[in-house]
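To start, the structure under review is shown below, and the notes come after it.
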Amino acid sequence: MVVVMAPGATPADVEAVVHLVQSAGGQAFVSRGLSRTIVGLVGDVADFEALNLGSLPGVLQVIRVSVPFKLVSREHHPARSVIRVGGVPIGPGTLTVIAGPCAVESPEQTLEAARLARSAGASMLRGGAFKPRTSPYSYQGLGEEGLRILAEVRAETGLPVVTEVIDPGSVDMVASYADMLQIGARNMQNFALLQAVGSAGKPVLLKRGFSATIEEWLSAAEYIAQRGNLDIVLCERGIRTFETATRNTLDISAVPVAQRLSHLPVIVDPSHSGGRRDLVVPLTRAAIAVGADGLLIDVHPEPKLALCDGDQALAESDIQEITEIVASLPSVMGRMLT
Ligand code: E4P
Ligand code: PEP
């Protein structure tokens, strides 16, 4: 942490900062420039924050120089991590495709979507049983019945399942069916939910909130890690911007930025980003090219009849193109399709 003193700060003001920091067990190094004095602090940032240094006379600004997350940072763990979900690796060296219906609607629809997912190169199945909907009148999902369908389709296809959990009280129940728990964009800062999945003993897919900075996203991951669970995969799914042509704006630079700050794998959701079927293929290409560790793609046997997000779901007729991309592009980036 660095304390920048105001131009008119007196020697007594500087001394008061130094004294307070030292009394909290820290060290303070004063550096006097021509027009400014700055005080560099060494010690526990949490202790310094409690001192409320910004309110002292003569203090212009207090700047935090270290990131507010530790366990998920590359300072803590320099090598990039590989997370395994039901034997499927997600991380550097591979590209993992996770695909399936946005919402589980019936056993037939889910099995057919899993078949499409597999032919598109997926090694994991996605599907929502508890849907976080903007409107309470929109389809909310089949609940536990949907989880049973996902477990049956897993037994039939061998594809490990990732599904969303939307409240802390149902984490154990959802975890008893799922191979991986998804935290959706709307719940990225639901701290009680993050702590609950951190204790659930299952890998977690953490989607970025639509208005979350990368630092807030990684701090959310830290809540999960703090509970002893470092099996976390980050998912960039587009953020809100002024643009209305797309549902969200895929923040492609978030992939390398998050990978540099954190050892956790980062995947991309080209379906929720663009919100349009015609954009899934170009955004998939972009995601692989930028170095994403995987993809999360919506597929549906009959998108026109989908109960949720049909506009962004790939249909059978789109599968050939996506299959060709995931078969050829990863090797250009030094990755193998899992
Ligand atoms: C699906 O995955 C989400 O529940 C969906 O995108 C929510 O969007 P909406 O409820 O705003 O349509
Ligand atoms: C989803 O993937 O099912 C979903 C709800 O997406 P998001 O949380 O990114 O909107």
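The first residue in the sequence is number 1, and the count goes up from there. Counting starts at 1 for both ligands and their atoms, in listed order. Just so it is clear, the values below take in all heavy atoms, side chains as well, and ignore hydrogens, waters and symmetry mates.
- Counting only heavy atoms of the protein, atom 11 (O) of ligand 1 lies nearest to Thr134 OG1, 2.4 Å.
- Looking at Ala185 next to ligand 2, an N or O pair under 3.5 Å apart turns up.
- Side-chain atoms of Glu324 and Gln320 include a donor-acceptor pair closer than 3.5 Å.
- The closest side-chain donor-acceptor pair between His300 and Asp309, if any, does not fall under 3.5 angstrom.
- In terms of N/O distances under 3.5 Å, ligand 2 is approached by Gln182.
- For the atom pair CZ (Arg237) and CG (Asp251), the distance works out to 12.0 Å, reported to the nearest 0.5 Å.
- Closest heavy-atom approach to atom 8 (O) of ligand 1 within the set His272, Lys131, Arg247, Glu164: this belongs to Arg247.
- At a 4.0 Å cut-off, at least one heavy atom of Cys102 sits close enough to ligand 1 to count as contact.
- Around atom CD of Glu316, no more than 12 heavy atoms belonging to other residues, nucleotides or ligands sit under 6.0 Å away.
- The N/O atoms of Cys308, backbone and side chain alike, include none that comes under 3.5 Å of an N/O atom in ligand 1.
- For Arg186, every heavy-atom contact with ligand 1 shorter than 4.0 Å involves the side chain, none the backbone.
- Considering backbone and side-chain atoms alike, Ser138 places every N or O at 3.5 Å or more from each N or O of ligand 1.
- Here the shortest heavy-atom distance to atom 3 (O) of ligand 2, taken over Arg126, Met188, His272, Arg247, belongs to Arg126.
- Of the N or O atoms in Asp309, one or more lie within a sub-3.5 Å distance of an N or O in ligand 1.
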